[in-house]
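What follows is a set of notes on a single structure, which appears directly below.
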Amino acid sequence: MVPDKSDPPRELASEAWLRRILSAALLWFQRRRRQSFDRFLGEDAWIVAPHPDDEVLGCGGTILRKRRLGAEVRVVFLTDGEGSHPDALSAKELATRRRDEAIRACRALNVTTDRVFFLGLTDGALKDQIDACVTNLSDLFARHRAGQFFVPHRMEPPSDHKAAWCATTAALDRLQMQATVLEYSVWCWDRWPFVRLGPGGGVLRRVARRARDMFWAMSWLFGCRAWVDVSDVADAKNDALAKHVSQMHGLPEAPNAPTLRTLRNGDFIERLLGPYEIFDSVTVAASTNTNVRTDG
Ligand SMILES: [Zn+2]
C-alpha cells in the first residue's frame, strides 16, 4: 500500500452523483470492448507483486479461479513492503510481519508456501534496483516456466509498480520467452471519478483535475480488454485480503495511519473488491522479441 496522508475528503451529494454517473459511463464503454479471459484461466502463471497485498488487490480473484482449474500459480514479491509505516516499526520488523501476512494471504488464495518467493529488494527504490530485479526474475522464470505473467499495469502511479513492469518485461526479453503479459491495476483505480477527489484547490483547479483524471482514466481503462468474472470467489478474495492485517486494519503502533479500508472513505477498496478483474493483455513473441497487444 502507498500511504495517503491527506484528510478523508468530503463530498457533496451533487458531486457524488456526478462521479457515479461518469464512472458508470466509463465502465459501460469498457464493458463493450472487453473479452472474457475464461478460456485461458487453466494456464500456469507467475504473479509479480511489487509489495505484499498487490497480488490480492490486482488479481486475487483470478488466482483463485485459476487454482480451482488446477493451474500452477507462483507469486514473487519484489519487496517486503517495509516502507508502509516508516514511523511505527523498524524496516526489519515490518518486513518480517508483512512476509508473514503475504504467506497467509497466498495460502488463502490456494497458493502453497513453496510457490511463494521473496526477492527482498528495497521498498520505494525498485527503480534503482532494476538490474538485480531482472536477474532474479529471469532465474525464477527459467526454473519454473509459465505461459502467463501478471504484472502491475505500466500506467500505475507508484514508481515500484512501474519498475515491476519494466523488470518483468526485461526478464522475459532476456529469456526470449513466448508469453502473455497481463497487466493488472491497483492504483490506477485511485482516480476520479472512481474515487472521490482529494481535498484542496479552488473551483477551477478542481474542474481541471477532474478533466485530467477523466482523460487519463479513458486511456488506461479502454486498453484493459481481458476480463475475468470473480463474483463467485469474492468472499475468498476478501478473506485473502484480510490476511494483510497491517494494510487492512493498520498497526497498533500506528493507530492513526490510513488503511486500505479507510482510503478515500472506502471508495478505493470498493473498486478493488468489485465483481470482475480487468487486464491489459500483451503477447510477448519469442522469435521476434516484439510485443503485440492482444484482445485477451
Ligand atoms: Zn504496491
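Other residues sharing a hydrophobic cluster with V245 under the 4.5 Å side-chain heavy-atom criterion for ILVMFWY residues do not exist; the residue is a singleton. Members clustered with I130: V134, by chain and number, using a 4.5 Å side-chain heavy-atom cutoff among hydrophobic residues.
For the atom pair CD1 (I269) and CG (D267), the distance works out to 11.0 Å, reported to the nearest 0.5 Å. Once rounded to the nearest 0.5 Å, the distance linking OG1 of T259 with CG of N256 reads 11.5 Å. Atom CD1 of I47 and atom NZ of K66 lie 7.0 Å apart (nearest 0.5 Å). With values rounded to the nearest 0.5 angstrom, L172 atom CG is found 10.0 Å from T180 atom OG1. From T122, atom OG1 reaches atom CG of L78 across 11.5 Å, with rounding to the nearest 0.5 Å. Residue E270 holds its CD atom at 14.5 Å from CZ of R264, rounded to the nearest 0.5 Å.
Closest of all the heavy-atom pairs between A164 and V48 is CB-CG1, 4.5 Å. The minimum heavy-atom distance between S84 and Q247, with the atom names listed, is OG-NE2, 3.4 Å. Shown here for S23 and R271, the closest heavy-atom pair between the two residues is OG-NH2, 3.3 Å. Considering all non-hydrogen atoms of both residues, M155 and S219 come closest at CE-OG, 3.6 Å. Minimum interatomic distance between G120 and D80 (heavy atoms only, all atoms of both residues): CA-OD2, 4.1 Å.
The shortest distance between side-chain heavy atoms of R191 and R212 falls below 4.5 Å. Between L121 and C133 there is a side-chain heavy-atom pair separated by less than 4.5 Å. Side-chain contact between C224 and R33: absent, with no pair of heavy atoms (C-beta onward) separated by less than 4.5 Å. Annotation: side chain of F268 is in contact with side chain of L260 (closest heavy-atom distance under 4.5 Å). No side-chain heavy atom of W165 sits less than 4.5 Å from a side-chain heavy atom of H153. Between E15 and L12 the shortest side-chain heavy-atom distance falls below 4.5 Å. Residues E183 and P152 are not in side-chain contact: their nearest non-hydrogen atoms beyond the backbone lie 4.5 Å or more apart. Residues L140 and F117 have side chains in contact (heavy-atom distance under 4.5 Å, counting atoms from C-beta outward).
No hydrogens or angles considered: nothing links the side chains of R154 and T169 as a donor-acceptor pair under 3.5 Å. A donor-acceptor pair shorter than 3.5 Å cannot be found between the side chains of E93 and T96. Under 3.5 Å, the side chains of S138 and T135 contain no donor-acceptor pair of N or O atoms.
Linking ILVMFWY side-chain heavy atoms closer than 4.5 Å, directly or via other members, places V203 and L197 in two distinct hydrophobic clusters. Follow the hydrophobic side-chain contacts under 4.5 Å out from M218 and you reach L22 in the same cluster. In the hydrophobic cluster analysis, where Ile, Leu, Val, Met, Phe, Trp and Tyr join through side-chain heavy atoms closer than 4.5 angstrom, L64 is grouped together with L69. Hydrophobic clustering keeps L126 apart from L94 (ILVMFWY residues linked when any side-chain heavy atoms are closer than 4.5 Å, directly or through intermediates).
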(request) Go through the steps to decide whether D123 and D160 satisfy the test side-chain contact (heavy atoms from CB on, under 4.5 Å), and finish with yes or no. (result) CA-CA 7 Å; D123 188 6; D160 280 356; 3.2 Å; yes

(request) Test I278 against L221 for side-chain contact (heavy atoms from CB on, under 4.5 Å), laying out the working first. (result) CA-CA 9 Å; I278 55 173; L221 194 61; 3.5 Å; yes

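Classification of the W227-Y276 ring pair by plane angle, with boundaries at 30° and 60°, yields tilted. Ring pair W189/F194 is perpendicular by interplanar angle, where above 60° counts as perpendicular and below 30° as parallel. Using the six-membered ring where Trp is involved, F279 and F37 have ring planes that are tilted, between 30° and 60° apart.
Not one N or O on the side chain of R74 forms a donor-acceptor pair closer than 3.5 Å with the backbone of R115. Distance alone, capped at 3.5 Å, places no donor-acceptor pair between the R225 side chain and the Q35 backbone. Under a 3.5 Å cut-off, the side chain of E55 and the backbone N or O of I63 do not form any donor-acceptor pair. Although no hydrogens or angles enter the test, the distance criterion places a donor-acceptor pair under 3.5 Å between the side chain of E156 and the main chain of C188. Side chain of T79 to main chain of P50: a donor-acceptor pair is present (N/O by atom type, distance under 3.5 Å, no hydrogens or angles).
Partners of F29 under the ring-ring contact (aromatic ring centres under 6.0 Å, His included) rule, at least two apart in sequence or in another chain, do not exist in this structure. Considering only residues two or more places apart in sequence or on other chains, R67 meets the salt bridge (charged side-chain N to carboxylate O under 4.0 Å, His left out) condition with none of them. The salt bridge (charged side-chain N to carboxylate O under 4.0 Å, His left out) test applied to E82 returns no partner, not counting sequence neighbours. Applying the ring-ring contact (aromatic ring centres under 6.0 Å, His included) test to F118 and every residue at least two apart in sequence or in another chain returns F77. Listed by chain and residue number, R65 satisfy the salt bridge (charged side-chain N to carboxylate O under 4.0 Å, His left out) test with D38 (two or more places apart in sequence, or in another chain). Residues satisfying the salt bridge (charged side-chain N to carboxylate O under 4.0 Å, His left out) criterion with D139, sequence neighbours excluded, are R143. In this structure E277 satisfies the side chain to side chain donor-acceptor pair (under 3.5 Å) test together with T62, K237, sequence neighbours excluded. With sequence neighbours left out, the ring-ring contact (aromatic ring centres under 6.0 Å, His included) criterion links W192 to no other residue. Applying the ring-ring contact (aromatic ring centres under 6.0 Å, His included) criterion to H249, with sequence neighbours excluded, gives no partner residue.
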N/O donor-acceptor pairs under 3.5 Å from side chains in residues 100-107, not counting sequence neighbours:
residue	atom	partner	partner atom	Å
D100	OD2	R104	NE	3.0
D100	OD2	R104	NH2	3.4
E101	OE1	S246	OG	2.8
E101	OE2	S246	N	2.9
E101	OE2	S246	OG	3.3

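Ring pair W220/F215: centre-to-centre distance not below 6.0 Å. Annotation: H161 is not in aromatic contact with Y184 [ring centroid separation under 6.0 Å not met].
Ion pairing between a basic and an acidic side chain is recognised when a charged N comes within 4.0 Å of a carboxylate O; R98 and D53 show such pairing.
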